[in-house]
Amino acid sequence: MIAKAKDSDMLKRYRDSDPEERFSLLMDNYGLVPKMIHKMEKKIEYKIKAEREYAKSQRRGELGVRVQTSDLSDPTSNEAIVSVTIQEGFQSGKLDKSILKGMDNAKKYEEEIRIIGIM
């Protein structure tokens, strides 16, 4: 089983290491690395989506209760586009800036996605 502390520290330890230490870190955790990366990707994706939704409701002036508006939209399509864009960001190491627009933690997410892309 993957230790929780190890999961949360992996990105920080990888970021702060030189190339030789990075190689060592990956080799020492060879069997766990794919699962850890997948878990980190899902966690970051969830945080980005939650923060986007929060920012959107704040712009609308909502008080936490979703009210149907008269806007014609396709929320399923929008969700799929965001998911695909985030996944492409993990693969390339570079996320489309429009996804992080207006977020407080945008720089942090960009850095984490870049590191995961390198891993």
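This structure is a prediction, so every number in the text was calculated from the model and none was measured.
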Colleague: Looking only at heavy atoms, what is the nearest atom pair of E51 and D104, with distance?
Modeller: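 In terms of heavy atoms, the two residues are closest at OE2-N, 2.9 Å.
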Colleague: Let me confirm one number: the NZ-NE2 distance from K43 to H38, rounded to the nearest 0.5 Å.
Modeller: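 Result: 12.5 Å between the selected atoms.
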Colleague: List for me each residue that meets side-chain hydrogen bond (donor to acceptor under 3.5 Å, both in side chains) alongside E110, sequence neighbours excluded, and say none if there are none.
Modeller: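 With neighbours one apart ignored, the set is K97.
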Colleague: So which heavy atom on I115 is nearest to which on L11, and how close?
Modeller: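 Looking at all heavy atoms of both residues, the closest pair is CG2-CD1, 3.6 Å.
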Colleague: Mind listing the closest non-hydrogen atom pair of G31 and P34 along with its distance?
Modeller: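 What the structure gives for the nearest pair is O-CD, 4.0 Å.
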Colleague: May I ask you to decide whether K12 forms a salt bridge with D16, counting only side-chain N to carboxylate O separations under 4.0 Å?
Modeller: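 So K12 pairs with D16 through a salt bridge.
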Colleague: Quick one: do the Y14 and E21 side chains pair a donor with an acceptor below 3.5 Å?
Modeller: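 No, because no side-chain N or O of Y14 sits under 3.5 Å from a partner of the opposite role on E21.
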Colleague: Find out whether R13 and R22 are in side-chain contact, i.e. whether some heavy atom of one side chain is under 4.5 Å from a heavy atom of the other.
Modeller: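 No; the side chains remain at least 4.5 Å from each other.
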Colleague: Which atoms form the tightest heavy-atom contact between E45 and S83, and what is the distance?
Modeller: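 In terms of heavy atoms, the two residues are closest at OE2-OG, 3.5 Å.
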Colleague: Find out if a path of hydrophobic residues (ILVMFWY) with successive side-chain heavy-atom gaps under 4.5 Å connects L26 to I118.
Modeller: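 They do share one cluster, since a chain of ILVMFWY contacts under 4.5 Å joins L26 to I118.
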Colleague: Closest approach of L95 and I99, non-hydrogen atoms and distance?
Modeller: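 What the structure gives for the nearest pair is CD2-CG2, 4.3 Å.
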Colleague: Between R114 and E111, does at least one N-O distance fall below 4.0 Å, as a salt bridge requires?
Modeller: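 Salt bridge flag = yes for E111 with R114.
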Colleague: Within this structure, what is the CD1-CG distance for the pair I44 and N105, rounded to the nearest 0.5 Å?
Modeller: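 It comes to 11.5 Å.
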Colleague: Test V82 against every option in N78, I86, V84 by the side-chain contact (heavy atoms from CB on, under 4.5 Å) rule and name the one that passes.
Modeller: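 Of the listed options, the one satisfying the test is I86.
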Colleague: If I compare all heavy atoms of M103 with all of I48, which pair ends up nearest, and what's the gap?
Modeller: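 So the minimum-distance heavy-atom pair works out to CE-O, 3.2 Å.
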Colleague: Measure the spacing between CD1 of I113 and CD of E41 and express it to the nearest 0.5 Å.
Modeller: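 I113 atom CD1 to E41 atom CD measures 9.0 Å (nearest 0.5 Å).
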Colleague: To the closest 0.5 Å, what do you measure between CG (L32) and NZ (K39)?
Modeller: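 Going from CG on L32 over to NZ on K39, the span is 11.0 Å.
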Colleague: For M27, what are the other residues in its hydrophobic cluster, where any two members join if their side-chain heavy atoms are less than 4.5 angstrom apart?
Modeller: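 Via sub-4.5 Å side-chain contacts, M27 links to F23.
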Colleague: Would you give the length of the straight line joining atom NZ of K107 to atom CD of E112, rounded to the nearest 0.5 angstrom?
Modeller: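 Between K107 NZ and E112 CD, I get 14.0 Å after rounding to 0.5 Å.
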